[in-house]
Amino acid sequence: MPQDSNSLEQLVLGYFLQLGGVVEPPAYGTYEALLPDDVAVRWGISAEQKIVFDAAHQQDGATFLHYGHALVETIVEELRGQSANGHFFINNVRPDKPGFKSEIEKAFLLPNAKIFFIANEKESIHYHYYARFNFKVSLIADEKRELVLPVWMDLQNGYPVNGAEIERLAILDEESQFLHVQPAPAFWNNEPALNPKTLSALLERARKAVPHGLGDTLTHLQKRLERFLELDRARLNNYYADLLKDAKKRLQKAEEDRRAAIESKIEVINAERESKLADVEQKYHLRIQLELVNFAVIAMTKLDLMVEIRSRAATIKRTVTWNPLLHVVQPLLCEVCNRGGTKLHLCENGHLAHAECLAPQCAECKREYCQHCAKEMTQCVVCARPICIHSLTRCKECQRVTCAEHAGECHALNGEPRKIIVSEGLVEKTESKLGKKESANPLSVTEKKFARKEIQKVKPILHKIIAPPKPLADYVEVYSDPSDGTITAYMIRRKSELAVRLWVMTEKGISANCECEKAWDCKERGLVYLPWADLNEQMNDLLNRFRDEYYLPHNKTRYFQIRLGKPFEEKKLKIPSGWRDEETLAKARKGFHELSKRNSG
């Protein structure tokens with residue numbers, strides 16, 4: 001994993017300058033620095049230093065500085081002993097903005113709500129604050145890696161922002177030129193911006209933003225650890241499989257007086273294998289430790305205006321802000337994920353949320369709730385479609401909940417709810433099961449007549465049930481990537497991802513993973529399938545199940561294949577070529593059977 005050399009350069013060279021040293025511009029990646037004599041004596045090094053921060057630029061006589069180097073650790077310890085927190089001001093801005101209201105109308109897209117300007121509400125200039133938290137991040141797994149990560153937070157709105165653009169444009173001063181401007185409160189908790197309660201809560205949000213800030217660094221490390229874990233598991237399983245095979249052969253040939261000792265040895269081998277596998281799991285389990293190194297508050301004047309956001313059921317007030325440094329209207333806060341957004345939905349209970357942060361929409365009244373208000377939603381016991389508490393129908397006999405369309409069908413099958421079945425094959429299967437139940441219990445002539453009458457009564461309902469319910473998505477896009485050996489399906493609703501399902505061929509079979517509104521309750525997450533002889537038929541079957549979950553017709557599918565990093569549309573699903581390799585299939589099937597035995601045991 002490449003270290004963040006820019007951050008390290010700023011830390012080391014900035015501290016050299018702070019101590020009164022001289023740093024020459026770099027030549028071929030090498031910095032020449034002259035330190036004060038007292039500093040050189042204190043650190044036990046020469047006053048003249050040649051320094052490189054990139055291993056590619058190493059040369060004789062130059063010191064390669066990296067995280068963990070003795071000099072870097074000395075600098076960090078000295079900085080920790082100082083009061084490194086700071087308060088700065090951005091004065092190179094003009095906070096007024098002609099046409100601010102028209103900019104607001106263009107900036108936000110609210111599919112189920114609209115922005116209204118409040119009569120007699122005036123624009124006002126206030127101080128807003130950025131908080132920069134510098135974390136020392138330790139990534140601990142089979143080895144320990146450290147880096148310094150700055151996390152920028154908008155203190156008034158409570159969400160993380162891109163600090164790189166602010167650093168590029170801002171000029172930091174130690175004194176303010178706007179002496180009579182008052183600070184704005186923190187809009188997300190209605191507290192003063194710089195009081196300890198607000199800063200403590202903001203620090204927790206900054207900690208949660210660290211994984212997102214690590215980005216590709218974290219992704220590459222996790223892939224590496226998963227690969228090493230898979231290799232170590234295979235090595236251990238093969239090693240102990242050979243030991244068990246040898247022990248079982250000896251057991252078959254052993255005399256009676258030696259069988260107990262060999263059986264005991266087999267138990268020891270199994271126990272040792274489980275212990276070693278647990279050790280390997282722990283070894284490659286990634287842990288992230290955070291240590292706050294320092295903290296800075298950067299104040300800047302911005303233009304605020306209070307507006308109303310209205311839907312058919314909710315009205316809320318929010319403060320919209322013009323950022324004069326970036327020349328944009330700032331995003332509003334999503335109250336589910338605590339990140340900013342310009343395309344938001346207004347929950348029935350007055351919460352703003354991204355489309356992916358919403359609970360499933362009510363199938364009856366089309367009300368929308370955010371995930372914080374998911375308790376307002378339930379499911380019809382017949383068709384499993386989401387319905388809200390305002391539209392549900394509760395049966396007086398069994399107290400079960402249904403939608404209006406299936407009222408009374410909650411106890412239609414011998415006291416149990418009738419289930420919606422889309423596939424005709426599944427209808428025949430259900431009817432055959434019902435027929436088996438009747439044949440298994442011999443009835444008298446009178447009872448048979450009564451049963452026939454009951455079946456005749458429910459025939460019209462069966463005809464009604466076969467009609468598919470309304471689709472919960474618009475279409476699904478399926479991408480086959482031969483380079484990664486993955487097949488990924490994106491369920492799209494209103495141009496946003498509703499669910500993502502991924503299949504990859506592993507040494508234990510076809511592994512499935514899902515990111516959808518059901519979160520950890522999704523039954524597909526973490527499943528492993530035994531590869532069939534016909535992989536096309538198997539993957540089309542899995543895609544059919546995915547579409548059926550959202551009542552999506554099969555003709556609403558778009559197929560793509562990734563070639564040279566770009567998607568090309570196809571007429572049908574293309575299975576990655578690596579999946580068809582006989583050796584890969586043999587390993588996958590063998591690993592699946594071993595996994596099944598281990599789980600059953």
#### Entry: Donor-acceptor under 3.5 Å (H372 side chain, E335 main chain)
yes
### Rounded distance [0.5 Å steps], CG in D304 versus NZ in K122
16.0 Å
## Note on the structure
Looking only at heavy atoms, the pair that brings L552 and M491 closest together is CD2-SD, 3.7 Å
### Message
One thing to verify: whether D484 and K223 come together as a salt bridge, which I'm taking to mean a side-chain N less than 4.0 angstrom from a carboxylate O.
### Response
no
### Task
Spell out, as yes or no, whether a donor-acceptor pair under 3.5 Å connects the side chain of Y159 to the backbone of L332.
no
### Heavy-atom side-chain contact between L199 and L155 under 4.5 Å
yes
## Note on the structure
Only one of R494, R385, H345, R367 passes side chain to side chain contact (heavy atoms under 4.5 Å, CB included) with Q361, and that residue is R494
### Query
Should the pair W503 and F546 be assigned to parallel (<30°), tilted (30 to 60°) or perpendicular (>60°) ring geometry?
perpendicular
#### Entry: Any side-chain donor near an acceptor of the partner, R339 and H354, under 3.5 Å
no
### Message
Would the distance check show the side chain of T506 and the main-chain N or O of K508 forming a donor-acceptor pair, the cut-off being under 3.5 Å?
### Response
yes
### Task
Kindly say whether N162 contributes a backbone atom to a donor-acceptor pair with the side chain of E165 at under 3.5 angstrom?
no
### Query
Is the shortest heavy-atom distance from the side chain of R394 to the side chain of R400 under 4.5 Å?
no
### Query
Just by distance, do the side chain of R205 and the backbone of G158 share a donor-acceptor pair under 3.5 Å?
yes
### Query
Is there side-chain contact between L290 and V137, with at least one heavy-atom pair below 4.5 Å?
yes
### Task
Consider only side-chain N and O atoms of N112 and S311, and report whether a donor and an acceptor are under 3.5 Å apart.
no
### Heavy-atom closest contact (M539 atom, L573 atom, distance)
CB-CD2, 3.6 Å
### Query
Do T557 and R547 get their side chains close enough for a donor-acceptor pair, meaning under 3.5 Å?
yes
### Query
Does Q156 use its side chain to pair, donor to acceptor, with the backbone of A184 at less than 3.5 Å?
yes
### Query
Can you name the nearest heavy-atom pair linking C380 to C403, along with the distance?
SG-N, 3.4 Å
### Query
Does a donor on one side chain and an acceptor on the other come within less than 3.5 Å for T198 and N195?
yes
### Task
Over all heavy atoms of both residues, which pair between H411 and C398 is shortest? Give the atoms and the distance, please.
ND1-SG, 3.7 Å
## Note on the structure
Scanning both residues in full, the closest heavy-atom pair of G213 with L149 reads O-CD1, 4.1 Å
### Query
Can we say E105 and K114 salt-bridge, meaning some charged N sits less than 4.0 Å from an Asp/Glu carboxylate O?
no
### Message
Is there a side-chain contact between I115 and F108 in this structure, where contact means two heavy atoms from C-beta onward sitting under 4.5 Å apart?
### Response
yes
### Message
Both conditions, 6.0 Å and 45 degrees, for the charged tip of K556 above the ring of Y475: are they met here?
### Response
no
### Message
I'd like to check I510 versus L527 (side-chain heavy atoms, cut-off strictly below 4.5 Å). Are they in contact?
### Response
no
#### Entry: Residues, nucleotides or ligands: over 12 heavy atoms within 6.0 Å of H212 NE2
no
### CD-CD distance between E497 and E477, expressed to the nearest 0.5 angstrom
9.0 Å
### Query
Can you check side-chain contact (heavy atoms from CB on, under 4.5 Å) on T217 and L221, steps first, answer last?
CA-CA 6 Å; T217 299; L221 180 57; 5.7 Å; no
### Task
Keeping the roles fixed (side chain from R525, backbone from C514), state whether a donor-acceptor pair exists under 3.5 Å.
yes
### Task
Verify the neighbour count for atom CG of N120: are there more than 12 heavy atoms of other residues, nucleotides or ligands below 6.0 Å?
no
### Task
Calculate, to the nearest 0.5 Å, the distance between atoms CD and CD belonging to E517 and Q371 respectively.
9.0 Å
### Query
Can you list the steps and then say if R501 with E549 is a salt bridge (charged side-chain N to carboxylate O under 4.0 Å, His left out)?
CA-CA 12 Å; R501 191 156 295 177; E549 288 181 30; 2.8 Å; yes
### Query
Checking side-chain contact (heavy atoms from CB on, under 4.5 Å) for the pair H554/N544: CA distance, chi angles, key distance, verdict?
CA-CA 7 Å; H554 294 186; N544 288 343; 3.2 Å; yes
### Query
Considering only heavy atoms from C-beta outward, does the side chain of E376 approach that of E348 to under 4.5 Å?
no
### Message
Within a 6.0 Å radius of atom NZ on K343, are there more than 12 heavy atoms belonging to other residues, nucleotides or ligands?
### Response
yes
### Message
Under a plain distance cut-off of 3.5 Å, with no hydrogens placed, do H128 and N323 share a side-chain donor-acceptor pair?
### Response
no
### Task
Name the orientation class of the two ring planes belonging to F560 and Y479 (parallel below 30°, tilted from 30 to 60°, perpendicular beyond 60°).
parallel
### Query
Roughly how far, to the nearest 0.5 Å, is the CG atom of L147 from the CG atom of L139?
6.0 Å
### Task
Might you confirm whether atom CD of Q399 has over 12 heavy atoms from other residues, nucleotides or ligands at distances under 6.0 Å?
yes
### side-chain contact (heavy atoms from CB on, under 4.5 Å) between I387 and Q379, intermediate numbers included
CA-CA 6 Å; I387 48 174; Q379 284 187 340; 5.9 Å; no
#### Entry: Spacing of I166 atom CD1 and M300 atom CE [to the nearest 0.5 Å]
7.0 Å
### Task
Heavy atoms only: give me the nearest T342-A107 pair and the separation to one decimal.
CB-O, 3.4 Å
### Message
Do R207 and F135 form a cation-pi contact, if we require the NZ or CZ to be under 6.0 Å from the six-membered ring centre and within 45 degrees of the ring's axis?
### Response
no
#### Entry: Presence of salt bridge, D279 and K283, under 4.0 angstrom
no
#### Entry: Between CD on residue E409 and CD on residue E416, distance to nearest 0.5 Å
14.5 Å
### Task
Check the side chains of Q330 and K302 for a donor-acceptor pair under 3.5 angstrom, ignoring hydrogens and angles.
yes
### Task
Could you go through the side-chain contact (heavy atoms from CB on, under 4.5 Å) check for L352 and I309 one step at a time?
CA-CA 10 Å; L352 287 174; I309 302 176; 4.1 Å; yes
### Query
Does the side chain of I298 reach to within under 4.5 Å of the side chain of Y129, using non-hydrogen atoms?
no
### Task
Please examine the side chains of H126 and P183, heavy atoms only from C-beta on, and report whether any two atoms are closer than 4.5 Å.
no
